[in-house]
Each structure stands twice: as structure tokens, then as C-alpha cells.
Amino acid sequence: MQTHRFHARLVIVAGVAALWMLAVAGRLGWLQLYQYSEFLGRAQRQQQRIVEVTPRRGSIYDRNLHPLAMSIPVDSCFAVPGEIRDVRLAARLLSSVLHIPREILEARLDPARSFVWIARKLPPEKMQAIAALNLRGIYFQKENQRFYPKRELAAHVLGYVDLDEKGLAGIEYELDGQIRSKPEKILVQSDARHRWMDSGESTREAGASVVLTLDEKIQYIAERELAAAIERTHAIAGTVVVQNPANGELLAVANWPRFNPNAPGDSPSEAHMNRAVAALYEPGSTFKLITLAAAFDERLIRADEVFDCQNGAVYIAGHRIRDHKAFGRLTVAQILAESSDVGAIKIALRLGAPKFHEYIRAFGFGATTGVDLPGESKGLLRRLENWTPISLGSVSMGQEVGVTPLQLVSAVSAIANGGVLHKPRMVRELRRGDEVLAGMGTGNEEDGRRVIRPETAATLRRLMEGVVLNGTGELARLDGWTAGGKTGSAQKIDPATGRYSATQFIASFSGFAPLNSPAIAVLVSLDSPQGQHEGGQVAAPVFKRIAEQVLSYLDVPRDVPGGARVMKAAYRQERGEGAGSLEDFAAVDFAVQPEAADNESKKEKKEKAETTVVTVAVDEGGSVAAPALAGKTMREVTRECLALGIEPVLVGTGVAIEQAPVAGAKLRHGGKIVVRFGAAAAPAQRENEGTRGARRGSR
Amino acid sequence: MPRRLEMDRWLFGVTLTLCLLGAVMVYSASAVTAGEEYGHSAHFLVRQLLWLGIGLGALLALMRLDYQRLREPAVVFSAVCVVFVLLVGVFFLDKSHATHRWIRFGSLGGIQPSELAKLAVILYLAWFLGQKRRQTATLEFTKEDLVKTLGPALAPVLLFFGLIVLQPDLGTSVELVLIAAAILFVAGLSPKWLGAGAALGLPGLYLLIMKVSYRHDRVLGFLNPEADPQGKGFQLLQSLIAVGSGGFTGVGLMESKQKLFYLPEAHTDFIFAVICEELGFAGALILITLFVLYAWRGLRAAFGAPDNFGRLLALGITAMITSQALINFAVVLGMMPTKGIPLPFVSYGGSSLVVMLAATGVLLNISQQARPQDWQE
């Protein structure tokens with residue numbers, strides 16, 4: 001019985017213990033299972049310090065993988081104020097090294113804070129000086145600093161970053177999400193005594209690298225020539241864009257004024273503007289290309305069609321518009337070459353506003369191009385219903401419309417490549433290491449949008465070469481390559497008066513080369529050049545210098561013998577004489593080397609099977625190179641020779657089959673050339689290698 | 001002895017498992033701190049293993065020693081006297097953490113006489129009450145019992161209690177009283193006496209807590225750890241974060257973050273928090289189960305013990321170890337105010353481990369002599 005009682009009490013004690021055990025187990029379950037996520041969060045919050053360390057950005061390369069922007073490790077200094085024994089002393093010592101006022105440092109070293117930056121991105125010598133102080137509670141953290149090894153080169157495209165390595169402009173901004181490494185803040189494990197266990201650097205993955213379409217050599221050429229032009233003309237700003245017309249890839253985007261992205265704060269913010277995409281200007285005469293393209297494409301005009309330019313004045317909707325020169329009758333080709341405003345207006349009137357507007361939009365004006373660059377302007381194109389009666393005329397010569405250099409160069413590229421408008425491309429691909437993350441498209445034909453027929457584009461190219469050879473753009477003529485282009489000299493709108501300024505111009509030249517398979521399209525625009533202000537005078541030479549260097553760099557085969565000073569003399573002569581009898585000269589086309597001719601130009605040639613060709617080469621002095629007359633009619637030969645100031649001696653009937661002296665041989669002015677005519681059996685003779693001439697249609 | 005003696009394999013196995021688990025966890029909890037402060041990550045592990053060896057030696061020796069031989073008054077009174085001398089002696093030794101708890105042996109650690117005091121009290125009460133209960137059936141609520149039984153029984157308990165409170169180590173002294181109360185209760189103490197004791201003791205305990213600022217702070221920290229997370233509530237809050245962030249499976253052995261300076265006393269009094277964090281709910285339940293098994297085997301020994309002395313001795317030892325574990329769990333889990341009570345066999349601590357293993361040796365001997373048929377009574 002005694003034992004029994006003992007046992008009963010033992011069971012009670014065991015019961016109490018068991019209850020306690022159960023309570024402990026229950027509590028354990030409550031803490032570890034039910035409240036797990038809350039405690040886990042609390043543990044992580046206190047164990048991990050989120051330190052905003054600048055992320056490692058991917059590099060930016062040009063198309064040949066030359067680095068344009070990279071991140072390099074630098075040291076930043078931070079403090080754990082709680083560990084510092086003597087804040088005043090520490091502040092005084094740090095102040096002597098960093099030249100930050102002691103009071104500021106003292107305030108920063110507030111012991112209540114667990115983490116504070118002392119100085120970010122220190123130069124190595126300062127870092128060593130601080131480390132030598134051997135202060136308690138002062139630490140270094142590796143950070144990354146953006147570095148642009150080529151300084152100003154392509155600065156507007158690349159953009160720049162802020163102290164936290166966040167992209168603020170250019171590609172750095174546009175692709176910030178990809179270039180920046182994913183964890184923008186890193187977690188640092190710290191213990192209760194604020195000792196840092198793991199800086200976590202190794203776990204972070206660098207951001208994606210960007211390969212641009214840009215070629216640093218072409219970019220360098222463009223920037224150098226732009227800078228030289230600015231120096232020469234005292235223009236306040238300028239832009240050069242070089243594009244591959246075949247796929248829209250941008251090979252160079254140069255702007256003035258420029259800046260050093262390593263220290264963007266040292267330059268005024270105007271210098272950061274990427275004018276190629278953001279600057280809006282009235283294109284002026286360059287826009288006549290669009291006017292003509294629309295009219296050709298609608299088959300409303302022919303190249304050789306003559307318009308009466310009314311001695312330089314036209315009335316439209318009651319407004320008298322004056323040409324820059326009093327032109328009489330001009331062919332369409334001459335209207336472009338001489339840049340007649342009246343001619344352009346008359347063509348636009350034939351086209352009509354709705355059609356014209358349609359083509360302007362088709363060429364991409366009034367909308368962003370979608371290039372991978374930030375800050376793009378969509379330009380200024382009034383909606384058709386808002387056009388005033390005078391708008392049609394104004395827009396036809398490039399007024400009342402605002403474009404960006406990029407829009408314009410893309411439109412020129414479309415003409416150059418046979419009529420397909422490509423989206424301008426700045427980025428080729430994103431990659432991480434050797435792995436390509438995202439190709440940005442290869443720029444195939446299919447990517448583009450056809451805006452004009454190939455024949456329209458071919459005609460326009462011929463006309464644009466006329467501008468370079470015999471028109472306002474003569475200074476753009478290249479040594480060694482054919483080229484086409486159009487000048488523009490747009491009056492700026494004076495912000496003070498709201499009217500066109502008489503002294504401030506935007507001089508521009510947009511062109512491409514070589515003629516038959518263009519490798520580059522180039523736009524040069526100079527804002528407010530002093531003195532000479534016409535595109536043909538100030539912008540065209542820049543085009544020439546850039547295009548020659550770039551074509552040479554790209555190993556584009558020459559299609560004109562280098563150094564030959566050749567010109568189409570007959571065409572030139574007629575310029576002064578009025579257009580009366582010269583319709584036949586309207587279609588100006590120039591021969592190319594056969595191997596350089598693409599399919600399209602062969603086809604063109606086939607279409608013109610019956611076209612006769614007159615090749616004229618004029619030497620510097622009073623002598624004339626004998627024209628190639630084979631295949632031409634008697635009448636054509638006569639006119640050709642008279643135009644050159646030589647006397648033809650005609651033998652036989654039919655088409656010219658033989659001549660003496662042979663084409664290209666030197667002839668005095670007033671000399672004689674014997675031409676024998678016969679059955680048109682032989683195909684039209686090719687131009688002599690040593691000459692450069694013109695074919696002219698005869699119908 | 002009528003039967004052949006067989007070792008209680010369960011009890012022995014459980015004890016050894018707890019010790020080895022403890023060694024592993026001591027290493028895990030202390031490696032980083034030890035590496036930083038002593039230049040050697042195994043600093044505490046080596047010492048723990050050394051003490052474990054000594055403790056196991058004591059266990060094996062006492063297991064082989066018939067517990068009846070502890071019944072001699074000479075043994076009991078020498079134990080009480082030695083403990084008394086040691087408890088007084090610590091006041092003349094160096095302080096550690098502003099307390100007089102330790103008798104140190106160089107860098108090896110030391111002995112806390114208060115640990116021995118628990119053992120001495122158990123031995124004394126088992127001997128005294130076992131003797132008494134041969135004469136009287138129960139301890140009724142009478143003056144006679146007070147003078148003849150309760151008084152002599154409690155005299156050394158209260159003496160040790162007072163000395164330990166003065167160290168000061170309130171946790172151990174309260175535990176001492178709890179063990180004594182359990183033994184007295186099982187020995188037949190009237191619940192009225194327990195009520196009277198509580199009525200006298202609790203106001204005193206209240207004063208001991210409220211008059212001493214750090215205890216006051218601990219209680220406040222326990223009641224509302226969030227009020228001062230960096231101060232009074234820090235230890236408890238860090239403990240709860242460690243436990244809670246372990247989840248079901250834990251963060252993995254050696255992976256605890258909380259042990260890295262967040263959790264004070266991670267390898268001693270709060271080692272259970274590290275276990276919870278690293279091994280999770282599953283690991284903690286296994287640990288609790290080990291103590292349940294220990295309690296079961298200990299009570300089984302008490303049930304089956306051939307005499308009252310054995311019963312009370314087995315009960316006292318089981319109560320000591322189990323209550324200490326339960327108090328430790330409760331403290332770590334925020335169910336009780338913080339006390340400096342280590343987890344038996346597991347926490348780092350030389351004398352505690354040796355005392356616990358020695359006591360287990362006695363318990364094993366009693367268990368060997370237990371008669372299983374007593375369960376049926």
C-alpha cells in the first residue's frame with residue numbers, strides 16, 4: 001500500500017513532466033512551423049545587410065568587338081560607426097586624406113548607423129592612404145566604375161552612368177535593364193558585431209554585354225571630320241550619321257558638341273544631346289527627294305519632263321514663293337540638281353496633298369524610327385487635315401516639317417537600297433561571355449518595308465548623282481567612287497521672331513555611295529555655319545571626306561578611276577542656256593564598271609536597249625576627249641559633237657558604228673571627228689575605261 | 001542480489017547519444033567564435049570531449065558500485081559537508097561574469113559547486129526520507145512532522161539554496177528547491193505543505209527578482225522582448241529567431257547564422273536554439289524524445305527500485321536531469337524568463353557534464369537492480 005501510494009505520486013510527477021514536454025513540443029511547432037516564415041524573414045533582415053554596391057555592368061563593344069565601355073573594379077570606403085572608438089579622431093584623419101570637411105565626416109559617422117559610405121570609388125593612392133591609417137571600423141568594398149576608354153568617341157551613343165552605375169543616357173540607359181547585373185543591391189552577411197562575413201562579390205553575375213553596329217573606325221572618321229568642319233565653319237552644332245543602306249545598321253553617329261562620358265558633369269547638358277535622334281530641324285531642300293520620290297512612284301512625272309520654273313516665283317494659295325534663283329524651264333533632273341523650289345512645288349501640286357502625305361509617312365517621317373537609342377523625337381509632321389493650302393508647297397521644299405537626322409538618313413538609305421525602308425539599328429546583339437543572348441536581327445531585306453518601287457529608287461539615284469556631278473552638290477563628288485546626294489540649306493526659325501532667320505541656316509548633305517550598290521548612306525548637317533551657309537558649300541565637302549575614307553576602309557571597289565577630274569561637259573554647257581532643246585539630256589546616268597553593276601542596273605540597261613549613249617569627257621584645258629558615239633543616231637551624234645565644240649563628219653546611214661579618233665582620244669576645240677554609220681548590229685559600246693560619261697536617253 | 005545484473009541499455013544508449021550529439025553541437029555552435037577568440041575552432045570541442053571522458057569514467061564506476069553503499073551516513077554527510085565547503089569556498093575565488101560560481105582549473109574550465117549541491121541534496125533527501133518512511137507512512141501537515149522530518153530534511157536544502165542565491169545563481173537555487181519538492185512530494189509530503197511552502201517562497205522569489213536589476217530586466221525581456229530588442233529582449237529575441245528560422249528541417253548542421261555572435265551563450269545555455277536552427281523541428285523533436293526516453297527509464301528505475309532509498313534517489317536524479325532539460329527548453333523557447341541553466345549532457349560545461357554523468361551512473365545501478373514486476377503493483 002505504501003508502495004502503491006509512492007507509485008501514484010510518481011505518476012503525478014511524471015504527468016507534470018509529460019505535460020511540460022508537450023507544452024515545449026507545442027511551442028516548438030508554433031515557432032518553427034507556424035511562424036517559420038516570419039522568423040526566417042527576421043533572421044535574414046538582421047543577418048544580411050543590403051549594401052548598395054554598384055553592379056557590374058556588361059561591356060559595350062563596337063561591331064568588331066573593340067571595347068567602347070567597360071567596368072573596372074575600384075575601391076569604395078565605408079564605415080561601421082559602431083566599431084569606431086574615437087569618432088573625432090577618425091574623422092580628422094579621414095578628412096586629411098579625403099579633403100572632406102571634418103564636421104561632415106563626424107556627422108556621417110553617427111554611431112547609431114550600422115553602415116555608412118565614407119567615399120565612393122577612390123583612386124588607388126587614396127585607398128592606400130586610408131588603409132594605412134589602419135582605423136577600426138573602416139572598410140573597403142570593391143565597386144565597379146564605368147570606364148570609357150575612347151573618351152569622347154561615340155559618347156552620345158554610349159551615354160553615361162551615375163555614381164550607382166545606373167545608365168542615364170544612350171545605350172547605357174536604353175539597355176540598362178540588360179547591361180546591369182541582376183541583383184542591384186548585394187546582400188552582405190553580417191553578424192551581431194557588424195563583422196562582415198561575405199562580401200558576396202563572387203556570386204554576382206555581370207550584366208549582358210552589348211555589341212553595337214557601330215564601327216569605331218568609321219565613328220572616328222565621322223567625328224574627326226565633323227570636328228574639322230565645325231572648326232572650319234564655326235557652326236554651333238553638327239551631326240554626322242553613317243548607315244549601311246542594305247540593312248539599316250548605323251556605322252557611325254557623331255554629334256557636336258560632344259562630351260567625355262567618363263566625366264559627364266564637366267560638360268554642359270546641351271553637349272549630352274544625341275542630335276542624330278533628338279534634334280528636330282526643317283530638312284529644307286533635302287526633302288525634295290521625298291517629293292520627287294512620291295511623284296515618280298506614282299508615275300506622275302518623268303525624269304526628262306520639263307517644268308516651267310517661272311523665273312523663280314510661284315503663287316500658291318495666294319502666297320508668292322520665290323526661288324533662290326530665277327530658273328526658266330528645267331527638267332525634273334535639273335530641278336533636283338539645281339534645287340529649284342518652284343519646280344518642287346509644281347511637282348507637289350501635281351501629286352496632291354493626300355498622296356504626298358502618304359509617302360512622307362511611308363518614308364518614316366512623323367514617327368520614331370524605333371532605333372535602340374533613347375530620347376528619339378518623332379519629328380514634326382502635321383496631320384493631313386491640318387494642312388493649310390500653302391502646306392503642300394512648303395512641305396515639298398522641306399519647310400513646315402521637322403525631321404531628325406536619323407529619319408532623313410534612313411529615307412536616303414531606302415532610296416539607295418532600291419526602295420526598302422529599314423529600321424535603323426544600333427545594337428547587333430547582347431551577349432554574356434561567348435553566349436549570344438539575343439540577336440537583334442541581321443537586317444535582312446524582309447525586315448524592311450518597301451516604300452517605293454525599285455525603278456523609282458533607280459531613277460532617284462540617277463538624279464542624285466546628277467546633283468553631285470552637275471548640281472548644288474558638286475563638292476561632294478568623290479575621288480574614285482560614284483555617289484549621289486542632295487544638299488539642303490534650311491533657314492532656321494528665329495525663336496525671337498518666329499520667322500525664318502536670314503542668317504541662321506542648317507546646312508546639310510545627305511548622300512550615298514557608290515551609286516549602284518551603295519555601301520554607305522551618309523548625312524551631314526551643320527547648325528548655323530558662319531559665312532558660307534549652303535549645304536553644297538559647307539556640308540558636301542564633309543560628305544566627300546568621310547565617304548572617301550569610309551569606302552576605302554571598307555574596301556569598296558572603286559568604280560571611277562581615282563584622281564580623274566571628269567565631268568559631264570555637255571550637261572554643264574547646257575545649264576547656262578535654258579532648257580529649250582535639251583530635254584534629251586534629262587535622264588542623266590553614269591556608267592559603272594560592269595562587275596560592280598548589280599542585277600538591278602543590268603535590268604535597267606536592258607530596258608534601255610534602244611537608248612543611245614554619248615560619253616563625253618572634258619579635259620582641263622581647251623581640248624576635249626572624243627565622245628563614244630557608237631550606236632547613236634545621226635541626229636544625236638551631231639548634237640553631241642556640236643555641244644562639245646567639235647565638228648562631226650558623217651559617213652553612211654543608220655547608227656554610228658565606227659569613229660575616228662576613237663572615244664577618249666584628245667581633240668582640240670573645233671576639231672573634227674569622223675563617224676561612220678551603218679546597221680545597228682553591235683550592242684552599244686561600253687564606255688571607255690579612262691573616261692567617265694553620261695548616257696542620255698533619246699526617245 | 002537475486003537476479004543477475006543487467007545494464008539498462010536504453011538508459012545508457014540515450015545518455016551516450018545525448019553526449020555525442022552535444023559534442024557535435026558544441027563544436028558547431030562554438031567553432032567560429034572559438035576560432036576568433038581562441039585561435040582554434042575546436043577549442044571548446046576538445047575540452048568538452050575531455051570532460052566527457054572524465055564523466056563517462058565516473059558513470060561507469062558508479063554504475064558498478066552498488067547504490068546501497070551510498071546509503072551510509074558517512075557517505076551522505078561527507079557529500080553534504082564537501083559541497084558546503086566548496087559553496088563557501090567560491091566566494092573567496094575569482095569572479096567570473098561578476099558571480100562566484102566556479103572553481104577553475106586553468107583553461108580547462110572548472111567546477112560549479114552548485115552542480116554538486118544538487119547531487120548532495122538528492123542523496124541526502126533520499127537517505128533521510130527513505131529512512132524516515134520506514135517509520136511513518138506519510139508526511140502529514142502536523143507540527144510533529146515539521147519538526148521531526150521536514151525540518152531536518154530541508155535544513156541542508158535551504159542552506160545550499162541560500163549560498164547559491166548569494167553567488168548569485170537564482171536559476172540553480174530554484175532548481176534545487178524544485179528537485180527537493182519533487183522528492184518530498186513523492187515521499188508522501190502532504191500537498192498542504194507544498195502549498196505552505198509556495199505561499200512562503202513565491203513572495204521571496206518575487207523580491208529576489210524585482211530587487212535585482214538584471215533579473216528584473218530578464219523578466220521584462222521575457223514578457224515583452226520586442227520592447228527593447230537590442231537590450232533586455234536581445235537574447236530571447238535572438239533565440240526565438242534562431243529557433244523559428246530553423247523551420248522543419250533546419251538550415252543544416254554547422255550552418256547556423258544566429259550562433260555567429262547574435263546568440264549569446266550559443267554553445268552553453270542556448271545550445272538548444274542552435275540545434276533548433278540547424279536541425280529544425282525534426283531534430284529538436286528527436287532531442288526532446290531522447291529526454292523523454294531518459295525520463296521513462298529513470299522513472300522505471302524508481303518504480304522498480306528494491307527500496308525507498310533507491311526509489312527516491314532514482315526519482316531525484318531523473319527529476320534533476322529532466323527538470324533541467326525542461327527549464328532549458330522553456331527558456332530557449334521563450335516560455336520562461338532567462339536563467340543560466342545548461343542543457344544536461346548537451347551544453348558545453350565541464351562540471352555539469354561530469355555531475356550529470358555521475359548521477360546517471362547511480363541511476364544505471366538502481367535500474368539494474370529494479371524489478372520489472374513492480375510495474376504491475
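In what follows, every chain begins at residue 1, and chains take the letters A, B, ... in the order their sequences are listed.
A/F39 is not listed as a side-chain neighbour of B/V243, based on a closest heavy-atom distance of 4.5 Å or more. Contact annotation: the side chain of B/F329 never approaches that of A/R27 to less than 4.5 Å [non-hydrogen atoms, C-beta and beyond]. Considering only heavy atoms from C-beta on, B/F185 comes within 4.5 Å of A/I12 through its side chain.
Taking A/A14, A/G29, A/S37 one by one and counting their heavy-atom pairs under 4.5 Å with chain B, the maximum is reached by A/G29. Highest contact tally toward chain B, considering only A/V16, A/L31, A/L28, is held by A/L28 [criterion: heavy-atom pairs under 4.5 Å].
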Notebook entry, point to check: Can you check side-chain contact (heavy atoms from CB on, under 4.5 Å) on B/F303 and A/V11, steps first, answer last?
Noted result: CA-CA 10 Å; B/F303 267 104; A/V11 168; 3.8 Å; yes
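Both the backbone and the side chain of B/A284 come within contact range of chain A, with heavy atoms under 4.5 Å apart. Heavy atoms of B/I327 lying under 4.5 Å from chain A belong to its backbone as well as its side chain. Neither the backbone nor the side chain of A/A18 has a heavy atom closer than 4.5 Å to any heavy atom of chain B. Heavy-atom distances place the side chain of B/L315, and not its backbone, under 4.5 Å from chain A.
Distance OG1/B/T322 to CH2/A/W20: 10.5 Å, rounded to 0.5 Å. Atom CE of residue A/M21 and atom CD1 of residue B/I288 lie 7.5 Å apart, to the nearest 0.5 angstrom. The CG atom of B/L240 sits 8.5 Å away from the CD atom of A/Q35 when rounded to the nearest 0.5 Å. Atom CZ of A/R42 is separated from atom CD of B/Q238 by 8.5 Å, given to the nearest 0.5 angstrom.
Between the side chain of A/Q32 and the backbone N or O of B/F281 there is at least one donor-acceptor pair closer than 3.5 Å. Between the side chain of A/R9 and the main chain of B/I183, no donor-acceptor pair closer than 3.5 Å is present.
Around atom CZ of A/F140, more than 12 heavy atoms belonging to other residues, nucleotides or ligands sit under 6.0 Å away.
Between A/A25 and B/L285 the shortest heavy-atom distance is CB-CD2, 4.2 Å.
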